[in-house]
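What follows is a single structure, written as structure tokens, with notes after it.
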Number of protein chains: 2
Amino acid sequence: MPTKTVRNNLASDFPDQVDQSELLGLLGYNIRRTYLVVQSTFDAQMEKLELRQADFAVLSTLRHNPGINQKSLADALAIAPPNLATLLDRLESGGLLMRQRSADDKRIQHVSLTAQGARLHTQALKAAQKADEVAVHKLSAAERQQLKSLLSKIFAA
Amino acid sequence: MPTKTVRNNLASDFPDQVDQSELLGLLGYNIRRTYLVVQSTFDAQMEKLELRQADFAVLSTLRHNPGINQKSLADALAIAPPNLATLLDRLESGGLLMRQRSADDKRIQHVSLTAQGARLHTQALKAAQKADEVAVHKLSAAERQQLKSLLSKIFAA
DNA sequence: TATTGTTATACTCTATAACTATA
DNA sequence: TATAGTTATAGAGTATAACAATA
């Protein structure tokens, strides 16, 4: 094999030799890289339903908390209120949810899924579970539980 | 205490009652929420150095792989080449790194830190380690190692 | 023809300021 | 005065297409 060929491949072969030990020693970097993988797996599974990550989080929360107001929804999902407003506009236009002004306090909007929204949530949940399965298929059930427990210690209030 | 006050606080108190069990049952969502926390902790620590997450990843990789080419750097850090090009432009303008056209293959740029870049990297590493410490302070040393090991099973090739 | 790197561009996500209507 | 929600907008992050230079 000619030396030239080896030299030509040097650039693309280099990645295997890249020393990333410093970055990989940082938990934050491991979480970042894991998030990138999980995110793209999720998006791939959810593509056919035309739902984004935040959309699914909203559908799921509405399914289990019908009539929740937007402030609570925004807080629970860590979405800024202006961004939630436009997200809800879009899902409402698509017939997935309804907003109802509170009679007690007319500032408040109560949000609920429509029947169509509930049906889509059922499908979306399956897709999300499938994405989870694809992303963490290398982990045993015990390891998955362990990972969830460790992560929740970091982000829980 | 008047009933009215309680009713006024209902909206903001609702979050504590929000049922998020479905979302929290998904590992992907746990990783997403953890990433948000870690990211903002990192940004807070790195703010005074005016470095973004990808900037630090580049400085770290250059420190340990001087003369690496942009293709390898892009692959190693999962950054798209056009985005890496502009990122390097910015760091080069700031005097943190140098690009040197390869003599063997004039398509290739070899990238290295300047002395100033190396000094900034040293400070940035301390900030990154501090951010790690702040984010995962609730975890024991054994748990941190365990978490790192579980995460790397998900994102490693 | 294929590869490295660049430019231009667009799209999504996120953050902030200012406004309304209600309380 | 304070809060819920909205509008408008700006910024950062990411992705793609097209190109120049070189192999």
Side-chain angles (χ1 to χ4, degrees), chain A residues 2-15 32 35-37 39-40 42-44 46-47 50-58 67-75 77-90 92 99-111, chain B residues 2-15 32 35-36 39-40 42-44 46-47 50-58 68-75 77-90 92 99-111:
Chain A
T3 305
K4 196 166 188 307
T5 301
V6 172
R7 183 180 290 127
N8 281 348
N9 286 341
L10 254 184
S12 41
D13 285 347
F14 203 100
R32 176 177 163 83
Y35 174 67
L36 293 180
V37 169
Q39 186 182 39
S40 86
F42 183 95
D43 289 346
M46 211 60 80
E47 192 183 14
E50 294 189 336
L51 289 176
R52 304 170 194 174
Q53 301 189 39
D55 297 343
F56 171 69
V58 165
I68 189 175
N69 63 74
Q70 293 187 201
K71 172 76 162 60
S72 303
L73 189 54
D75 286 348
L77 300 180
I79 299 176
N83 299 330
L84 180 61
T86 56
L87 186 161
L88 293 179
D89 285 347
R90 181 166 45 78
E92 191 174 29
R99 282 190 269 206
Q100 200 166 8
R101 198 58 77 174
S102 167
D104 291 352
D105 183 337
K106 290 178 186 162
R107 294 173 301 182
I108 292 180
Q109 297 265 45
H110 293 290
V111 191
Chain B
T3 306
K4 197 165 188 307
T5 301
V6 173
R7 184 179 290 126
N8 280 348
N9 285 342
L10 255 185
S12 41
D13 284 347
F14 203 100
R32 176 178 163 83
Y35 174 67
L36 293 179
Q39 185 182 39
S40 87
F42 183 96
D43 289 346
M46 211 59 82
E47 192 182 14
E50 294 188 337
L51 289 175
R52 305 170 194 175
Q53 301 190 40
D55 297 343
F56 171 69
V58 164
I68 190 174
N69 63 74
Q70 294 188 197
K71 172 75 161 61
S72 303
L73 190 55
D75 286 347
L77 299 180
I79 298 176
N83 299 330
L84 180 61
T86 55
L87 186 161
L88 293 179
D89 285 347
R90 180 166 45 80
E92 191 174 29
R99 283 190 267 205
Q100 200 165 9
R101 198 58 75 173
S102 168
D104 292 352
D105 182 339
K106 290 177 186 164
R107 293 173 302 182
I108 291 179
Q109 297 264 46
H110 293 290
V111 191

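Each chain gets a letter, A, B and so on, in the order its sequence line appears, and its residues count up from 1. Every heavy atom of this structure was used, including side-chain atoms; hydrogens, water molecules and symmetry mates were not.
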Exercise for the section: Consider only side-chain N and O atoms of B:D105 and B:S102, and report whether a donor and an acceptor are under 3.5 Å apart. Expected result: no
Practice task
Give the nucleotide from the list D:dT14, C:dT7, C:dA21 with an atom nearest to the side chain of B:P82.
Solution key: C:dT7
Completion exercise
Out of D:dA8, C:dT22, D:dT22, minimum distance to the side chain of A:K106 belongs to C:dT22
Practice task
Give a yes/no answer on whether the side chain of B:R99 brings an N or O atom under 4.0 Å of OP1 or OP2 in C:dT6.
Solution key: yes
Exercise for the section: Select one nucleotide: of D:dA23, D:dT6, C:dT14, the one nearest the side-chain heavy atoms of A:A85. Expected result: D:dT6
Fill in the blank from the handout: Sorted by position of nearest nucleotide on DNA chain D, 5' first, the leading residue of A:L88 and B:A54 is A:L88
Practice task
Measure from CD on A:E50 to P on C:dT12 and round the result to the nearest Å.
Solution key: 12 Å
Problem - Integer-rounded Å distance: C:dT12 P and A:E47 CD - result: 12 Å
Handout entry: Heavy-atom side-chain proximity of A:R90 to A:T86 below 4.5 angstrom
Key = no
Practice task
Output the distance between atom CG (A:L36) and atom OH (B:Y35), rounded to the nearest 0.5 Å.
Solution key: 6.5 Å
Problem - Separation of atom CG in B:L84 from atom P in D:dT16, rounded to whole Å - result: 16 Å
Handout entry: Separation of D:dA4 C1' from A:R101 CZ (nearest whole Å)
Key = 8 Å
Fill in the blank from the handout: Rounded to whole Å, CE of A:M46 lies from C1' of C:dT12 at a distance of 17 Å
Handout entry: A:Q70 side-chain N/O to D:dT3 phosphate OP1/OP2 under 4.0 Å
Key = no
Problem - Short side-chain N/O contact from B:Q53 to OP1 or OP2 of D:dG13, under 4.0 Å - result: no
Problem - Heavy-atom closest contact (A:L51 atom, A:M46 atom, distance) - result: O-CG, 3.3 Å
Exercise for the section: Round to a whole Å and report the spacing from CD1 of B:I79 to C1' of D:dA15. Expected result: 14 Å
Problem - d(CG, B:N83; P, C:dT9) in whole Å - result: 15 Å
Exercise for the section: Ignoring hydrogens and angles, tell me if any N or O in the side chain of A:R99 forms a donor-acceptor pair with the backbone of A:H110 under 3.5 Å. Expected result: no
Completion exercise
With the side chain defined as heavy atoms from C-beta on, A:R107 is closest, among C:dA21, D:dT14, D:dG5, to C:dA21
Exercise for the section: Verify the contact: side-chain N or O of B:Q109 to OP1 or OP2 of C:dT6, cut-off strictly under 4.0 Å; return yes or no. Expected result: yes
